[in-house]
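First the structure, in the form of structure tokens, and then the observations on it.
Per chain, numbering begins at 1; letters A, B, ... match sequence-line order.
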Protein chains: 2
Amino acid sequence: MTPAQVRAAAPLFAALGDATRLQLLARLATGGPGSIAALSAKAAVSRQAIRKHLDVLADAGLVHSARQGRESIWALAPERLAEAHAYLDRIAAQWDDALARLKRFVET
Amino acid sequence: MTPAQVRAAAPLFAALGDATRLQLLARLATGGPGSIAALSAKAAVSRQAIRKHLDVLADAGLVHSARQGRESIWALAPERLAEAHAYLDRIAAQWDDALARLKRFVET
DNA sequence: ATCATATGCAACCTCTTGGTTGCATAATAG
DNA sequence: CTATTATGCAACCAAGAGGTTGCATATGAT
């Protein structure tokens, strides 16, 4: 991975680096799309706080919303999600190489 | 994944959510262990800033250090690294399920 | 029409982050 | 012994993150 790619991955991880946001993603992944009210129903923080988290996830391209009547429905964003997954795989592969090299080093 | 597991993953992603730290990890993964001076040589920020980033990575369990003479050598932490990788895989799988369900939904 | 619900927006607040500078201290080189 | 090098540590700073409250506005239900 080029330094540019590494730099591009940071905002993605940063968006994932908050428990409330991870729970939101998990909720969307298992429960499907939902309105802000629905998504903040079981949350420990206010509706406005949830809204801000959704905005952060949207900026990272992980979710998107669409207004329907008086409520706005939020859902996972498939495209970028696949991209995120690919990122994770590439980074994991890089780490695996390092792990293998370390192991070889230790065993020699 | 349980809510507790989700919550536990957040600090890990947070540690990865900074370009400087990702570059440090990449450097350690490709170049092997190094002293603070060596690691901050090509960096855009000060040695002290790099040191702080290393501390953050260490708190997340991704790297560890050992003093050798007057310098302290930092390296990737294999155990936790594998754990991090497993996390990523589990989350990716959860997302893949959501993707598949979305696709099915769209195609129906 | 009227009341209730779902959001949007803005102002404010506190704690954390990412960086910096400056100085003290431990080790190695000459 | 003296200079140099590699760190450790603390104080300080500006900007951003995560939350809250309050209030305005758009829709849907009666």
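- Here the C1' atom of nucleotide C:dT20 and the NE2 atom of B:His53 are 12 Å apart, to the nearest Å.
- Counting to the nearest Å, the C1' atom of D:dA17 and the CG atom of A:Asp59 are 13 Å from each other.
- We find the CG-CD1 distance between A:Leu88 and B:Ile91 to be 8.0 Å, quoted to the nearest 0.5 Å.
- For A:Gln48, whose side chain is taken as the heavy atoms from C-beta onward, the closest listed nucleotide among C:dT20, D:dG8, D:dT21 is D:dT21.
- Across the protein-nucleic acid pair, A:Leu39 atom CG and C:dT5 atom P stand 19 Å apart, rounded to whole Å.
- Annotation: of the two residues near DNA chain C, A:Arg70 and B:Val56, the 5′-most nearest-nucleotide partner is A:Arg70.
- Atom CD1 of B:Ile36 is separated from atom P of C:dA26 by 16 Å (rounded to the nearest Å).
- Within the structure, every side-chain polar atom (N or O) of B:Ser72 is placed at least 4.0 Å from both OP1 and OP2 of D:dA6.
- Distance, A:Arg51 CZ to C:dA6 C1': 12 Å, rounded to whole Å.
- Taking atom CD1 on A:Ile50 and atom P on C:dA6, their separation rounds to 15 Å, with Å as the unit.
- With DNA chain D read from its 5' end, the first of the two nearest nucleotides for A:Arg21 and B:Ser35 is the one closest to B:Ser35.
- Between the P atom of C:dG8 and the CZ atom of A:Arg47 lies a distance of 8 Å, rounded to the nearest Å.
- Of the two residues contacting DNA chain D, namely A:Gly69 and A:Ala44, the nearest-nucleotide position lying further toward the 5' end is that of A:Ala44.
- Counting only heavy atoms from C-beta on, B:Ser46 has its side chain closest to C:dT20 among C:dT20, C:dT7, D:dT7.
- Tested against A:Trp74, the residues A:Ile50, A:Leu24, A:Leu54 include a single side chain to side chain contact (heavy atoms under 4.5 Å, CB included) partner, A:Leu54.
- With rounding to whole Å, B:Gln68 atom CD is found 14 Å from D:dT7 atom C1'.
- Counting only heavy atoms from C-beta on, B:Lys52 has its side chain closest to D:dA11 among D:dA11, D:dT20, C:dA6.
- Contacts of B:Arg67 with the nucleic acid, taken as non-hydrogen atoms under 4.0 Å apart, involve only primed sugar atoms and P, OP1 or OP2.
- The line from CZ of A:Arg90 to NE2 of A:His85 is 11.5 Å long, rounded to the nearest 0.5 Å.
- Of the possible donor and acceptor atoms, one in the side chain of A:Ser35 sits under 3.5 Å from a partner among the backbone N and O of A:Ala38.
- How far CD of A:Gln68 is from CD1 of A:Ile73: 5.0 Å, rounded to the nearest 0.5 Å.
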